[in-house]
There are 2 protein chains.
Amino acid sequence: MAEFSQDFFKNAVTVDNVIFGFDESDLKVLLIKRGTEPYTGLWALPGDFIYADENIENAASRILYELTGLDNVYLEQVRTFGAVGRHPLGRVLTVAYFSLVKINHYDVHPSSFAQTAQWVKLAELRNSPLAFDHNAILDACFNALKQRVRVRPIGFELLPPKFTLTELQHLYEAILEADLDKRNFRKKILSMDFIVDLNESQEGVAHRPARLYEFDKLKYEKFVSEGFNFEL
Amino acid sequence: MAEFSQDFFKNAVTVDNVIFGFDESDLKVLLIKRGTEPYTGLWALPGDFIYADENIENAASRILYELTGLDNVYLEQVRTFGAVGRHPLGRVLTVAYFSLVKINHYDVHPSSFAQTAQWVKLAELRNSPLAFDHNAILDACFNALKQRVRVRPIGFELLPPKFTLTELQHLYEAILEADLDKRNFRKKILSMDFIVDLNESQEGVAHRPARLYEFDKLKYEKFVSEGFNFEL
DNA sequence: CTGACTTTGTGCATTTTTAACACCAAGTTG
DNA sequence: CAACTTGGTGTTAAAAATGCACAAAGTCAG
C-alpha cells in the first residue's frame, strides 16, 4: 500500500443531483444546459464541486437550493462515479444523489453553470446523450429510486399535498414501469393506513370528480424511517 | 455555483473495504491494526488511497488482493463518506465497498498500513471503536449486505464449494439476524433450483453426517445478474 | 333538459404464498 | 447397545395476491 503523501490530495469531487419530479403521469428530471466548458451546450445533471469545508450531503442540498429555491427535500446518496477519464480536465469523482420534489414548487435560478434549466421526461432521455457520464448516473439513480420505492413510501414526496388515488397510482406506474390493477392498488394503499380521505373532490374536471387524499404525516414518517414492505 | 478552478483539486480519496467472511456460524470482518498515523494501533478497515490513474473499483480489488491474495471476488460499492473532519490530515473522502470471501482462502500480507490483520466477529465489534468513522462505514456495509441478500443469492460467495444446508441456513441467519425455520428454509432453497445435491456426506462429525451440496454455477450467475426475490 | 361521454369507485371468489409445527433416521461415542 | 447429537422430512391453516365487470357522478353539447 502507498505511504501517506501530499500527492494524493489532487482530486476534485463533485456532486451530481438527479432531481425527480412528477407531472401529468410522467416522471421528469430537472436538467441544465451547460454554460461552461466542457460539454458546453449539452444537457447535463445539475452538479457542482464540493467546497473544502462542506459535507457531501450539504453540497447536494445546496445545488438543489440554488437551482430551485427548495429546501428540506428528500435526498439520497446513490453511489460515486470516478472512472479515470470521465472528466477531460483532470481527476474528478462525482457523488450521485437523487432528490424528489413537488414539481410545481420549483423556480429555476440559472447560474454560471446553467444557462437554462428544464424538466425533461425520463422517457425522452433514453436515447439522448448527456454530458460526461451522466446517462450512467441517471440510470443508476432511477434504479435506486425504483428499489427504494418498494421499501419506503417516498413516492409521496413527488405529489402535491392533496392528490387523488389515480394520480398516486400513475406515479407508481411511472416509477415501477409497470401497469397496476386499480382495485388491488386502492385496497393495498388504503390498508396501509397513512393516507387520509379529505372528503373533498376535484374541481374543474369534465367527468366524475375524484376524492382528494393527503398523508398522515406522523405515520408516513414512521414508515420512512423504519421501512416496510411496499410491494405493489 | 462555483467557477471551475484548480482550487478544487485538493481532495484525497480512499477506498475502505469491509471484507466479510463466514466461519462456524459467525459473520466476521477482516480488520487491520493500523501501523501508521493517524490512529496508530487501532483496528481499522483495510483501505488505501486511490491512485491517480486507477478506477475506484480497481482500488477496491487491489486492496483486497494485497491483503489476502484473493482475486475475482464479489465486490460492491456502498456509499461515500466525506464528513469534513473525518480525517485529521486533510480532506479525505472514502468510498466504502464490501466484499465477500471464502474465509479459508485468505492469507494475510501485512504491509506498511497493516501491522496485523485479523478476522473479527461482527458481534464483537458492536461496542468497540474503530479508527476514523469506520464504525459507521461498517454499519452501512452490513446493512447493504442485509438488503442485497434478499434480492441476490450472493450469500453463497461466503461458503466453501461444498456445504451443507445447515451451514447455508446459519449463514443466512447471521446475515439477516433472524432465526429461520429449518423446514421452510430447505423447501425454499431447494425449490430455487440452483443448488445441486452431490450425493456425498460430511465426514468426521460425531453425529449423523449431512449431505453436501454445491451451486449450479450457470443458474447462480443468472440470478446474480438478473436479480430475483430471495426473501427468507 | 337529456343523452352521450369520461373517469371514479367498489366486492367477491380463486389461487398462491407464507407460517407454524414434531418426530424418526443416521451415525458416533463410551 | 444405549445414549447422544444433528440431519432430514410433510401437512395444514391462515394470509395475501390476483383477476375480473359494472353502476355512479359529474360535464358537455345539442
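Proteins come first, then strands; the chains are lettered A, B, ... in the order of their sequence lines, and each starts at number 1. The analysis underlying the following values was restricted to heavy atoms, covering all of them including side chains, and did not include hydrogens, waters or symmetry mates.
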Fill in: Residue met sooner reading DNA chain D from 5', once B/L212 and B/A206 are mapped to nucleotides
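That would be B/A206.
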
What integer distance in Å separates [X]:[atom1] from [N]:[atom2]?
X	N	atom1	atom2	result
B/R150	C/dT18	CZ	P	12 Å
A/F185	C/dT10	CZ	P	14 Å
B/E203	C/dA26	CD	P	18 Å
A/R211	C/dT10	CZ	P	7 Å
A/Q202	D/dT27	CD	P	11 Å
A/N184	C/dT16	CG	P	15 Å
B/D197	D/dG8	CG	C1'	12 Å
B/L165	D/dG8	CG	P	6 Å

Worksheet item: Among side-chain atoms of A/T166 and A/R211, is any donor-acceptor pair under 3.5 angstrom?
Response: no

Worksheet item: Centroid-to-centroid, A/Y172 to A/F22, below 6.0 Å?
Response: no

Discussion item. Quick check: on DNA chain C, is the nucleotide nearest A/K182 upstream (toward 5') of the one nearest A/K187, or the reverse? Name the residue that is more 5'.
Written reply: A/K182

Worksheet entry | Phosphate OP1/OP2 of D/dT18 contacted by A/K188 side-chain N/O (<4.0 Å) |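 Checking A/K188 against D/dT18: no side-chain N or O falls below 4.0 Å of OP1 or OP2.
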
Worksheet entry | Under-3.5 Å donor-acceptor pair between A/R183 side chain and D/dA21 base |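 Such a pair is found, so the answer is yes.
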
Worksheet item: Looking at D/dT6, does its base get a donor-acceptor pair with the side chain of B/R208 below 3.5 Å?
Response: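 Between D/dT6 and B/R208, which were checked side chain against base, a qualifying N/O pair under 3.5 Å is absent.
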
Response to the item:
Of all heavy-atom pairs linking B/I63 and B/D48, the shortest is CD1-N, 3.4 Å

Worksheet item: Hey, what's the ring geometry for B/F156 with B/F194, parallel, tilted or perpendicular (30° and 60° as the breaks)?
Response: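 B/F156 and B/F194: perpendicular rings.
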
Discussion item. Taking any heavy-atom pair under 4.0 Å as a contact, classify A/T166: base, sugar-phosphate, or nothing.
Written reply: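 Sugar-phosphate: the residue A/T166, judged by heavy atoms under 4.0 Å, touches backbone atoms but no base.
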
Discussion item. Categorize B/R186 for me: base, sugar-phosphate, or nothing, with a 4.0 angstrom heavy-atom threshold over every strand shown.
Written reply: base

Fill in: Options C/dT6, D/dT6, D/dC20, nucleotide nearest the side-chain atoms of A/H207
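Of the candidates, C/dT6 comes closest.
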
Fill in: Carboxylate-amine/guanidinium contact B/R126 B/E177, below 4.0 Å
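Looking at B/E177 together with B/R126, the answer is yes, because their closest N to O distance falls below 4.0 Å.
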
